[in-house]
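We name chains A, B, ... by the order of the sequence lines, and we start the count at 1 in each one.
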Amino acid sequence: MGSRPDHSSCSGGQQQQWPPWRLRPSGGGGDRFRDPLKSLAMRVSRLMLVTLRDDPAEAEIPSHKLLLRAGYIRRVASGIYAYLPLMWRVLQKVSRVVREEMDHTGALETLLPQLQPAELWQRSGRWAGYTAGEGIMFHLKDRQGRELGLGPTHEEVITALAADLLRSYRQLPVNLYQIQGKFRDEIRPRFGLMRGREFIMKDAYSFHADEASLRETYAAMDGAYRRIFARCGLRAVAVEADSGAIGGSASQEFMVTAAAGEDLILASADGRYAANQERAVSQAPEPVALPDGVRAAGQGAPLSTPKQTSIEALCEAHGFHPTQTVKVLLLLARFEDGNQQPLLISLRGDQQLNAVKLANAVTARCSAAHGALLDIAPLSAEAATKEGLGPIPFGFMGPHLGDAVLEGARNWAPTFLRLADPTATDLDAFVCGGNAVDTHLVGAAWGGLCPSPESLDLRAAQPGDRCQHDPSQRLEASRGIEVGHIFQLGRKYSEALEARFTNEAGVEEALWMGCYGIGVSRLAQAAVEQHHDDHGICWPVSIAPFEVIVVVANGAESDQLSLGERTYNELQDAGVDVLLDDRAERAGVKFKDADLIGIPWRVVVGRGAAAGLVELVERSTGHKQELPASNLLAALLPSLQTQRRGLEI
RNA sequence: CGGGAUGUAGCGCAGCUUGGUAGCGCACUUCGUUCGGGACGAAGGGGCCGCAGGUUCGAAUCCUGUCAUCCCGACCA
């Protein structure tokens, strides 16, 4: 337990009342008491630091392994983690950046309940979709038998509050946010904090008198988000996104680029277009014209195609190009009200279905009548038999498959919902299944074969496709971790929950809404994914648990110990967030741990201590310099101050 | 939910085929020697072998069931 030599100059007469590892009042750092992050002066011997030499078997990606090994997190249950003291400091720092930028836009911080009544969710129409089947909402009954859900998000609660509190256009716009835990019963929790079942999120909800005001706040959030990620030291890209179960119109995701990302991003090299693959659009390759064109007035000529059930087999056997074919997918959509709707989807043979686009299209056409879309799954032969249908020519289906095949269905809707992608409907003449086993039709055409189905974008854009904004550009793939998502919700929730205000003309109308999320705990792990090396984490200064670690190489040397203590105190007094490694470990152990936990700057007090020299090492670059301890602040502070601001935008 | 794998000390693993009541490395405790990149020696502590049945004189080991965790897929603001 060290004494505090040479400290009287800044701590006055107070020092003896405080154990050396506790914060005590000091002359120059009055505002440290208002800043919990700065007030926690720390010694490694008091930090409950437990680092692991081996990678835990449960971790797969670098950031997950490192957070476990470096003593930041521990798993409590699948997808549920304890944030240990170092991690909590990181999360607080991220939260502080988020809070500052949100406050800067005029948003108001709140805290909403996590336990929410089912009734609210029933009113918005999301209860069934979020709890039934593969829904992600944890839900329970209280002692009175009332149903409650653990909030996966807070649109319902906030909108109900808005309905209660916001009455006049004079109160608008308002933007409310909170930083707190969220619960989602993920089908497959993964990668530590990346996809947890309980996690920390910043969510904000804005309310507006008109769409223009919503767009303004949406743009302000876009700017705030870019600043937040830059300040946190993260390279992030904004991409067009699907708005998914949240609904609404415009939506943009912020992706931290990293190899371990769960999302595929498609972007043009000129930087003008970037989108999540779920949403991405592109120009499909030009089709190769079918040599003999339309045959039999568009009915097509039958062709014997034994066992050629795939586009690949068909093309190989007869020399067709995949772009000359139309493939037909048979799917079944299930809805909240129990309705089951068979879907017949036509795509050009070389194209892939984008399930998200399809789900959106089906929702738009059926949800008003049947409630939320629960899922869409391929319709199997067994399911058709079970339903009481006759044989279906799987592998040989054409777009002219009649509704007659659905006759006798016990529960399914009796007619297909027929949709097609433009790549299919744009073909003048094509090859397709003949609706009979071992038969295809060559030279079929829309109109002649059957009416052209409703046509809309259903295909998955692929890397290498030409861009719509500039066909000379091609889409390139990269992976990203979604750390933020902003939506223009419009009036979906306000109408469902009757959140209205009185406009300038004295007429009641529904509020316009936006919502804006940042995965705080996910962001912290994404930062590790983006900033690490073979030795451990390399935190950006702005979110590092500590900015500087002072390592006393040999605690048994009194010169080193006293200079280490003095350096530690000086850094503290200069407002630096500093950690002192005072453990009775060998120097190598302390260096390894310092690298592993990733403190951006290391000050080594070692051999040179007797001569008043210390070594300053930058974690990310490994750059070292030896300098007199008296010059340390001058050498360190300018860089530190720059780094605290994060990346340039 | 489908496919695959794994559960043995805090962490990483061996032992299981061929049953005989458990072992290695790291971590932890004590002592000594070390002391600038995860030291060395000595002596210790810690395990209802995931759980429940069954087979057997005897089960970590064989059988059945069950639970949990991880991976792939489906799925997923």
query: What distance, rounded to whole Å, do you find between the two P atoms, one in B:U29 and one in B:C70?
result: 31 Å

field: Spacing of the P atoms in B:G45 and B:A5 (rounded, Å)
entry: 40 Å

- line: Mate of B:U34 across any strand shown (Watson-Crick or G-U wobble, both atom pairs under 3.5 Å) is none

- request: Could you grab the distance from atom CD of A:Glu482 to atom CD1 of A:Ile265, nearest 0.5 Å is fine?
  value: 10.0 Å

field: Watson-Crick or G-U counterpart of B:G2, or none if no pair lies under 3.5 Å
entry: B:C72

message: I need the CG-P distance between A:Asn354 and B:C76, as an integer number of Å.
response: 12 Å

- prompt: How far, in whole Å, is B:G46 from B:C28 if one measures between their C1' atoms?
  reply: 9 Å

task: Write down the distance between CG (A:Asp185) and P (B:C1), rounded to a whole number of angstrom.
output: 12 Å

- line: Rounded to the nearest 0.5 Å, the OH atom of A:Tyr225 sits from the CD atom of A:Gln252 at a distance of 11.0 Å

- prompt: Over how many whole Å does the gap from A:Glu482 atom CD to B:C76 atom P extend?
  reply: 13 Å

Identified pairing partner of B:G10, criterion: Watson-Crick or G-U wobble below 3.5 Å: B:C26

Using residues 588-597 of chain A as the side-chain source, report each donor-acceptor pair under 3.5 Å to any protein atom, sequence neighbours left out, with the distance given to one decimal.
from, atom 1, to, atom 2, distance (Å)
A:Lys590, NZ, A:Val552, O, 2.7
A:Lys590, NZ, A:Arg583, O, 2.7
A:Asp593, OD1, A:Thr51, OG1, 2.9
A:Asp593, OD2, A:Arg583, NH1, 3.1
A:Asp593, OD2, A:Arg583, NH2, 3.0
A:Asp595, OD1, A:Arg602, NH1, 3.3

message: Please report the distance separating the P of B:G10 from the corresponding atom of B:U56, rounded so that it comes out in whole Å.
response: 34 Å

field: Nearest-angstrom distance, P atom, B:A74 to B:U21
entry: 48 Å

- prompt: For A:Leu596, which contact category applies under a 4.0 Å heavy-atom criterion: base, sugar-phosphate, or nothing?
  reply: base

- prompt: Can you say whether the rings of A:Trp88 and A:Tyr83 are parallel (under 30°), tilted (30 to 60°) or perpendicular (over 60°)?
  reply: parallel

task: Measure the distance from CD on A:Glu262 to P on B:G73 and round it to the nearest whole Å.
output: 10 Å

- request: Could you verify whether a donor N or O on one side chain and an acceptor N or O on the other, from A:Glu278 and A:Asn354, lie under 3.5 Å apart?
  value: no

message: Applying the Watson-Crick and G-U wobble criteria at under 3.5 Å, what pairs with B:C16? Answer none if nothing qualifies.
response: none

query: Touch check for A:Val604, heavy atoms < 4.0 angstrom, all strands: base, sugar-phosphate only, or nothing?
result: base

task: Provide the distance between the two C1' atoms, one in B:A59 and one in B:U8, to the nearest whole Å.
output: 14 Å

message: Under 3.5 Å, is there a donor on one side chain and an acceptor on the other for A:Asn175 and A:Tyr177?
response: no

message: Here's a test of your reading of the structure: between A:Glu186 and A:Arg69, which maps to the more 5' nucleotide of RNA chain B?
response: A:Arg69

task: Using heavy atoms to find the nearest nucleotide of RNA chain B for A:Lys202 and A:Arg602 separately, return the residue whose nucleotide is more 5′.
output: A:Arg602

message: Looking at B:G46, which nucleotide sits across from it as a Watson-Crick or G-U wobble partner, both distances under 3.5 angstrom, or is there none?
response: none

query: Using 30° and 60° as the class limits, which term best fits the ring planes of A:Phe138 and A:Phe183: parallel, tilted or perpendicular?
result: perpendicular

Stepwise salt bridge (charged side-chain N to carboxylate O under 4.0 Å, His left out) test for A:Glu155 and A:Lys492: CA-CA 10 Å; A:Glu155 280 82 8; A:Lys492 170 177 171 173; over 6 Å; no

message: Within the 3.5 Å criterion, strictly below it, is a donor on A:Gln352 or A:Gln462 matched to an acceptor on the partner's side chain?
response: no

task: Summarise how protein sits on nucleotides 66-71 of chain B as a single string, 5' to 3': B when a protein heavy atom is under 4.0 Å from the base, S for sugar-phosphate-only contact, - for no contact.
output: ---SSB

Closest to side chain of A:Asp595, choosing from B:G38, B:G37, B:C75: B:G37

CD (A:Glu312) with more than 12 external heavy atoms under 6.0 Å: no

- prompt: Just how far, in rounded Å, is P of B:G37 from CD of A:Glu615?
  reply: 11 Å

query: Looking only at N and O atoms, is any donor in the side chain of A:Arg184 or the base of B:C76 less than 3.5 Å from an acceptor on the other one?
result: no

query: Going by heavy atoms in the side chains, are A:Glu156 and A:Tyr493 under 4.5 Å from each other?
result: yes

field: d(CZ, A:Arg619; C1', B:G37) in whole Å
entry: 12 Å

query: Roughly, in whole Å, what's the span from OH in A:Tyr72 to P in B:C11?
result: 21 Å

field: Between C1' of B:A39 and CZ of A:Arg583, the distance in whole Å
entry: 15 Å

field: G-U wobble or Watson-Crick pairing nucleotide for B:C62 (cut-off 3.5 Å, both distances)
entry: B:G54

query: Using a cut-off of 4.0 Å on non-hydrogen atoms, how would the nucleic acid contact of A:Asp55 be classed: base, sugar-phosphate, or nothing?
result: sugar-phosphate

query: Looking only at atom C1', what distance separates B:U55 and B:A14, rounded to whole Å?
result: 27 Å

task: Could you check whether the rings of A:Tyr81 and A:His64 sit parallel, tilted or perpendicular, using 30° and 60° as the cut-offs?
output: perpendicular

field: Span that lies between the P atom of B:A42 and that of B:C26, in whole angstrom
entry: 12 Å

- prompt: For nucleotides 26-35 of chain B, read 5' to 3', which letter fits each nucleotide if B means a protein heavy atom sits under 4.0 Å from the base, S means only the sugar-phosphate is that close, and - means neither?
  reply: SS------BS

